[in-house]
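Before any comments, here is the structure.
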Amino acid sequence: MADRLAPVSDVQPTADQTTALDTASAAPPSGAAPARLLLIDGHSMAYRAYFALPVENFSTSTGQPTNAVYGFTSMLTKILADEQPTHLAVAFDMGRTTFRTERYPEYKGTRDETPQPFRGQVPLIREVLETMRVPVIERENYEADDVLATLATQARAAGMQVLVCSGDRDAFQLVNDDVTVLYPIRGVSELTRMTPDAVRAKYGVGPERYSDLAALVGETSDNLPGIPGVGPKTAAKWITAYGDLDGIIAAAPDIKGKAGESLRAHLDQVVLNRELNHLLTDLELPLGPADLAVQPWDREAMHRVFDSLQFTALRERLFAAMPGEAAAPVEAGEPVDVAELAPGGLGGWLAARAGRTLGIDVRGAIRPGSGDAWGLAIADDGAAAVSLDLTTIDPRDEAALAAWLADASAPKAVHGAKSAWHALTGRGLPIAGVVFDTEVAAYLCHPDQRSYDLPSLSVRYLHRELTSGAPAAGSQGALDLSLDGSDEHQHAAARAAAVGELSGVLADALADRGATDLLARLELPLEDVLAAMEHRGVAADVDYLRELEKLFDAQVQTAATEAYDVIGREVNLGSPKQLQEVLFDQLGMPKTKKIKTGYTTDAASLADLYARTQHPFLAHLLAHRDAIRLRQTVEGLLRSVADDGRIHTTFQQTIAATGRLSSTDPNLQNIPIRTEAGRQIRRAFVVGEGYETLLTADYSQIEMRIMAHLSGDEGLIDAFRSGEDLHNYVGSRVFSVPTDQVTPAMRSKIKAMSYGLAYGLSSFGLSKQLSIEVGEATRLMDDYFSRFGGVRAYLTGVVDEARATGYTATIMGRRRYLPDLTSDNRQRREMAERMALNAPIQGSAADLIKVAMLGVERELTARGLRSRLLLQVHDELVLEVAPGEREEVEAIVRAQMGSAAALDVPLDVSVGVGASWHEAGH
DNA sequence: AGGTCAACGTA
DNA sequence: CGTACGTTGACCTT
């Protein structure tokens, strides 16, 4: 079945969605169903959530507790979905003192201080509400319940149906035919509807008498004592008998028995209770019920907030429950007309769109070196699209497609161009002319996110759901087996259209951030370089790797046996839990640093324990750790060797928030080098057949040089210009001795501090690392800064500026936004400050080597050399050099790396060559 | 099956 | 109480 194409679609959903939203946000027309107002006691519900959900299960990776935010938002989501309110507001208490505490200082006096982890979450809840455009109402001196009571009363008078969600039973007095209280039974997920009947069933009196009953019985949580010996039963009986509290008071002298006596003894308290538990319904408020219509959400802000809270599933649920959204057709969001082309018609279709940027979507396998593409959709900016099955494509169409794809002057927008490159190259369809990559563009806009998948970007920037078909080639290893069926084509076309449309929106966002060139001139061309590097792979010596595996395996066995002998039993040495048992219970060793699951057994602590106890078990355990990790690394590499005898890593371009690349599958950026045994592994990376040697080139002290440049510190700049050893030079200034009298101990201290500065190292941290007193570390840092004052000024300046602008920027203008710089939470704020210190330095270094890679690739191509880039390890490039090209390649690499940017300090590059990575290293 | 943690490798 | 990553096995939950 050739060229089966999807049918024409005429879905026009955008207008529908807008309509739905507008309807929801306006007051309902008269004669329609009555407006439904939802009023939430923010504080009491959040507080309930806080205690209902274990905080240890609800925190972000930065340590911010989120259990109250999660519970509150989850509760809100559920109510929105269940009740579909047309109007909505949340009330908060303001401070602890109110007119009630003035009247009765003991009011709520038994309550503990609100826990800090809870208080820190209230601003986050307000942030969530703000992005949802939910009015937050509060009034000094009054409680949230008074606000709710006032609004409920006003709303009822205006003919609205009212839901009051509160964890405070006092709200029951508001219940009537138009006002229902949603009261949490257990935690925050189960709410019971308190209607007049429900109140009567539970308390034996109607809601209008609930306050009387509560006054008699008391309310422990408010610290309002009731009448001793009088429970809800007796209270209800009296209310039924005497009508209301006034009736009871009037009849008090005649009430018999112990309860009667007790009542008479506590009349004052009862009257006070009644006065305090009465909710005010006549507060003056800035907003009335009519002002509380549900508003369209600030979706982009919500995504930002939910990203930072790391609520992925909850976000989906919340969007699904969005008011008005439910009315929109589910299939909405794919305004694409998929053209039915006659066989051979693609060339005409493309020609009719010559010069226009077309969005494309590639389906296929993206394994570097062995990719394949089997589906391709192309969409224009008018949402006309074609979707092609590449496995059955008409030869004329295939030729037209190949020509268009390879035409560098035919502009294309792609989501994940490097992945598309692998898939298409595998099918013999090289791609050129990519002028926009929505994935990379989104990354440049918000580099702190973990993924930039197309459906999320669609929701976020196009405000449109992208119904999921099979994933595009952008998702690693995705296999699409259901090529048949027009749905597949429709989805593919919708993705292509979304890519095209997103490229416009994101281009604007990039321009706002001054990052247009960063994408067009750096990241986009780099994708081709990276794709080629991944495609080439690096040759591996498999036989040698197998030998290493055997060697390390033998070491693992030996170490394990010896360890078992010492303790007289076999345990799983890889289990921290079992190790803790052996070390601290069986062997009774001193406790190490505390971690979540007990006490750490990390290498530093074990080494420390060994120094103190000399226990042989520790030595064997450490040897086992080393050997097992080396074996693991070798085994991982062996598994990664492809059929061509080479290892093809994937360089991720949109992961590291600083702008660095990362390497996965396998990670070739963390191959051991520090220990001799580890370095053996580098011997397995060898020059491939047909090539003469490997060449490595690395920047020396790139981050310190960038710090020198950015800070403009004359001392540090002179240090680099002098050509002397950096740490000796700095050490001589800090310790006031001649350069040749800087001892190795002094030098290593200086080295640690210099590097630490770029990470926001504290004197405490420095003292830890150097095993010196904090005072000495502080003095060391003071001495350093007294000689290199420009560095200190720069470091404080960079944080100040980031706080003011909201972001840091690298030499190439790459931004990282750090909203936590103004956080109330000290831990988060200080973390953000360290990120702000480091991001410009690490990020500028990343910029430089990317520029250098483009230059190297360009020169090698321009000169027709066969030598080629293989790997990048942050400040190092690894190349495979063709016979006879070594000198020229070295010159190119030195020149391109050295001139990647014009800094106030030279960019030194050291180069090594050899048959393996180990030998080429230095 | 899927997610998180501790541990540890790199720059 | 030092930044940026990725991978692994153990452990726990679904």
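Just so we're on the same page: letters track the sequence lines, and every chain starts at 1. Just so we're clear, the structure is a prediction, and the values are computed from it rather than from any experiment. What's counted below: heavy atoms across the whole structure, side chains too, no hydrogens, waters or symmetry copies.
- Take His727(A) and apply the ring pair (Phe, Tyr, Trp, His ring centres under 6.0 Å) test, not counting sequence neighbours, and it matches Tyr755(A).
- In this structure, CZ of Arg450(A) is placed 13 Å from P of dA4(C), rounded to the nearest angstrom.
- Nucleic acid contact for Ile595(A): sugar-phosphate only, since backbone atoms but no base atoms lie under 4.0 Å from a heavy atom of the residue.
- The interatomic distance linking Ile841(A) (CD1) with dC5(C) (P) rounds to 16 Å, in whole Å.
- Using a 4.0 Å heavy-atom criterion, one finds that Ile671(A) contacts the sugar-phosphate atoms exclusively.
- Counting to the nearest Å, the P atom of dA7(B) and the CG atom of Leu630(A) are 18 Å from each other.
- Among the atoms of the strands shown, only primed sugar atoms or phosphate atoms (P, OP1, OP2) are found under 4.0 Å from some heavy atom of Ala603(A).
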When every nucleotide of nucleotides 7-14 of chain C is labelled 5' to 3' by its protein contacts under 4.0 Å (heavy atoms), B for base, S for sugar-phosphate only, - for none, what sequence of letters results?
SSSSSS--
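- Residues Arg625(A) and Thr601(A) have side chains that bring a donor and an acceptor to within less than 3.5 angstrom of each other.
- Here Ile673(A) lies in heavy-atom contact (under 4.0 Å) with sugar-phosphate atoms only.
- Note on Ser763(A): nothing from the nucleic acid sits closer than 4.0 angstrom, heavy atoms only.
- The residue Met753(A) sits apart from the nucleic acid: no heavy atom pair falls under 4.0 Å.
- Looking at Arg660(A), its side chain comes within 3.5 Å of the base of dA11(B) through a donor and an acceptor atom.
- Residue Gln669(A) contributes atom CD, which lies 8 Å from atom C1' of dA11(B) at whole-angstrom precision.
- Ala845(A) comes within contact range of no nucleotide atom at all, as no heavy-atom separation falls under 4.0 Å.
- Between Tyr452(A) and Tyr443(A), the ring planes lie perpendicular to each other; the angle is over 60°, past the 30° to 60° tilted range.
- Residue contacts shown for Thr633(A) are absent, as no nucleic acid heavy atom lies under 4.0 Å away.
- As judged by a 4.0 angstrom heavy-atom cut-off over every strand, Arg674(A) is placed among the base-contacting residues.
- If you take CD of Glu876(A) and P of dA11(B), they are 8 Å apart, rounded to a whole angstrom.
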